[in-house]
Asker: 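Sharing a structure with you now.
None of the values given here were measured: they were computed from a predicted structure. Scope of the values below: all heavy atoms of this structure, side chains included, with no hydrogens, waters or symmetry mates.
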Amino acid sequence: MQHAIPLLAGSQPCRALYCAFADAQTETATMMLPRTLFICLIASLCACHAAVIEQVTLKDGRQIAINDDYSWNVILTETNTAAPEAVAADAITSSRKANLSAQALANPALLHDTVSQGVRVQLIPHPDQAASGQIELSVSNLQETSVVQIMGRISFYDQQGVWLADQETRFWQAEYRLPETYLRKQQIRPFTTEPLSIPQDAVINMTRLTILKVERR
């Protein structure tokens with residue numbers, strides 16, 4: 001799960017963006033950089049993956065990674081502590097092909113609940129999911145605008161927490177031009193994924209959810 005904290009006014013990212021904007025404004029006579037292009041460049045800088053700057057253990061025992069964009073996330077996969085600049089595999093929310101961390105193995109519920117881009121998705125464990133290939137979810141909208149689609153990734157692991165496979169699928173899908181099927185503000189609704197190819201050794205209780213993209217209306 002990843003959490004965002006607003007950029008501080010005196011932060012290095014803000015200072016760099018301010019300087020870039022000032023330079024663009026004062027050099028328009030020579031560069032003539034269109035405002036829309038400049039905005040796109042700034043957006044691309046802000047969309048870059050966060051880098052982990054520190055790993056911290058909270059009072060409740062959870063280990064988290066603090067990122068340089070002032071966001072933080074619970075460490076769910078194994079980390080490489082040998083290199084400070086790569087202290088946690090979860091710096092990028094994918095953490096693909098990494099095995100589960102000790103705290104994830106001890107508390108698999110951490111894998112089943114994810115919040116990102118104004119939505120929350122939770123896994124509803126069901127004994128028949130492995131046979132049907134469909135995953136039951138609870139989806140909630142935390143923002144004002146309605147949600148029409150949520151794309152996500154489901155990561156499967158075996159009993160020892162060894163990564164087996166990733167599959168991308170819809171976590172929510174509204175019907176075209178049917179507003180009653182939109183996920184409205186503060187709504188919590190169930191959703192069943194399309195049939196997935198679940199690995200034979202996968203343990204449903206060790207299934208991890210990651211939100212990739214949210215489309216709104």
Side-chain angles (χ1 to χ4, degrees), residues 1-4 60-64 72-77 90 93-176 178-217:
M1 181 184 299
Q2 188 170 23
H3 306 261
D60 61 7
R62 290 182 300 164
Q63 292 181 319
I64 67 170
W72 62 272
N73 48 271
V74 179
I75 300 174
L76 298 176
T77 53
D90 279 38
T93 56
S94 60
S95 303
R96 303 180 71 176
K97 301 185 180 180
N99 298 333
L100 293 179
S101 64
Q103 69 173 345
L105 287 170
N107 187 9
L110 293 172
L111 304 168
H112 306 161
D113 192 342
T114 181
V115 178
S116 180
Q117 303 175 58
V119 297
R120 182 179 186 180
V121 181
Q122 296 172 286
L123 175 71
I124 304 176
H126 193 278
D128 296 331
Q129 287 178 343
S132 67
Q134 294 178 292
I135 304 296
E136 301 291 331
L137 305 172
S138 173
V139 187
S140 54
N141 181 12
L142 309 178
Q143 293 187 357
E144 297 286 339
T145 55
S146 299
V147 175
V148 295
Q149 186 185 74
I150 303 173
M151 293 300 300
R153 179 172 57 247
I154 299 180
S155 301
F156 297 102
Y157 304 86
D158 65 13
Q159 188 66 49
Q160 287 70 45
V162 176
W163 176 87
L164 298 175
D166 287 332
Q167 292 193 41
E168 294 188 5
T169 186
R170 286 185 289 268
F171 287 171
W172 178 263
Q173 182 62 63
E175 296 184 38
Y176 183 65
L178 287 179
E180 62 269 22
T181 66
Y182 295 176
L183 187 64
R184 303 295 187 180
K185 174 187 174 183
Q186 300 302 326
Q187 275 192 330
I188 303 176
R189 299 171 67 174
F191 186 78
T192 303
T193 68
E194 58 192 8
L196 306 172
S197 299
I198 301 178
Q200 183 176 358
D201 295 333
V203 177
I204 296 300
N205 196 43
M206 297 292 183
T207 300
R208 181 183 181 184
L209 305 177
T210 303
I211 297 169
L212 299 178
K213 182 180 180 182
V214 178
E215 183 178 343
R216 295 179 176 272
R217 287 285 189 273

Asker: For Q167, check side-chain contact (heavy atoms from CB on, under 4.5 Å) against everything at least two apart and list the hits.
Answerer: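 Here the qualifying residues are F156, L196, S197.
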
Asker: Does I211 form a side chain to side chain contact (heavy atoms under 4.5 Å, CB included) with I150? I'd like the steps, not just the answer.
Answerer: CA-CA 7 Å; I211 297 169; I150 303 173; 4.1 Å; yes

Asker: Do R189 and N141 have side-chain N/O donor and acceptor atoms under 3.5 Å apart?
Answerer: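 No pair is found: no donor N or O on one side chain lies under 3.5 Å from an acceptor on the other.
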
Asker: Looking only at side chains, do T193 and Q134 share a donor and an acceptor under 3.5 Å apart?
Answerer: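 Absent: no donor and acceptor within the cut-off.
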
Asker: Contact between S138 and I188 at the side-chain level, heavy atoms closer than 4.5 Å - yes or no?
Answerer: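 Yes - at least one pair of side-chain heavy atoms lies under 4.5 Å apart.
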
Asker: Could you give the distance from OG (S116) to CG (L209), rounded to the nearest 0.5 Å?
Answerer: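 Spacing of OG (S116) from CG (L209) equals 12.0 Å.
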
Asker: Can you see whether Q149 engages Q173 through a side-chain donor-acceptor pair at a distance of less than 3.5 angstrom?
Answerer: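 A donor-acceptor contact under 3.5 Å links the two side chains.
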
Asker: Can you sort out the partners of E175 under side-chain contact (heavy atoms from CB on, under 4.5 Å), two or more places apart, ordered by chain and number?
Answerer: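 Checked E175 against side-chain contact (heavy atoms from CB on, under 4.5 Å); matches are L178, T181.
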
Asker: Do I135 and L123 make a side-chain contact, defined as non-hydrogen atoms from C-beta onward lying under 4.5 Å apart?
Answerer: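 I135 reaches L123 side chain to side chain.
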
Asker: What's the spacing between L100 CG and Q159 CD if we round to 0.5 Å?
Answerer: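 The CG atom of L100 sits 10.5 Å away from the CD atom of Q159.
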
Asker: Could you measure the distance from the OG1 atom of T210 to the CZ atom of F171? Nearest 0.5 Å is fine.
Answerer: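 T210 OG1 to F171 CZ: 7.0 Å, rounded to 0.5 Å.
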
Asker: Quick one: do R120 and D113 satisfy side chain to side chain contact (heavy atoms under 4.5 Å, CB included)? Show the steps, please.
Answerer: CA-CA 7 Å; R120 182 179 186 180; D113 192 342; 2.4 Å; yes

Asker: Would you please test L111 and L76 for side chain to side chain contact (heavy atoms under 4.5 Å, CB included) and show each step?
Answerer: CA-CA 7 Å; L111 304 168; L76 298 176; 4.1 Å; yes

Asker: Evaluate V148 against R216 for side chain to side chain contact (heavy atoms under 4.5 Å, CB included), listing each step before the verdict.
Answerer: CA-CA 5 Å; V148 295; R216 295 179 176 272; over 6 Å; no

Asker: Measuring from L105:CG to Y157:OH, what's the distance to the nearest 0.5 Å?
Answerer: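 Rounded to the nearest 0.5 Å, the CG-OH separation comes to 10.0 Å.
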
Asker: What closest approach, in Å, do Q143 and G118 show between heavy atoms, and which atom pair accounts for it?
Answerer: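 Closest approach of Q143 to G118, heavy atoms only: NE2-CA, 3.4 Å.
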
Asker: Is T77 close to R208 at the side-chain level, that is, under 4.5 Å between some pair of heavy atoms?
Answerer: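 Side-chain contact under 4.5 Å: yes.
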
Asker: If the test is side chain to side chain contact (heavy atoms under 4.5 Å, CB included), which one of I204, I154, L164 qualifies with I198?
Answerer: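 That would be I204.
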
Asker: Taking only residues two or more places apart in sequence or in another chain, which ones pass ring-ring contact (aromatic ring centres under 6.0 Å, His included) with Y182?
Answerer: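 Expected list: none.
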
Asker: Rounded to the nearest 0.5 Å, how far apart are CD of Q186 and CD of E144?
Answerer: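 It is 8.0 Å, given to the nearest 0.5 Å.
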
Asker: Please name the pair of heavy atoms, one in S132 and one in P195, separated by the smallest distance, quoted to 0.1 Å.
Answerer: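 Smallest heavy-atom distance, with atoms named: O-CB, 4.4 Å.
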
Asker: Is E168 salt-bridged to R170, going by a charged N under 4.0 Å from an acidic O?
Answerer: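 A salt bridge is absent here (no side-chain N lies under 4.0 Å from a carboxylate O).
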
Asker: Could you check whether S146 and R217, counting side-chain N and O atoms only, form a donor-acceptor pair closer than 3.5 Å?
Answerer: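 R217 vs S146: no donor-acceptor pair found between side chains.
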
Asker: Say you draw a straight line from CD1 of I64 to CD of Q103; how long is it, rounded to the nearest 0.5 Å?
Answerer: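 Between atom CD1 of I64 and atom CD of Q103 there are 9.5 Å.
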
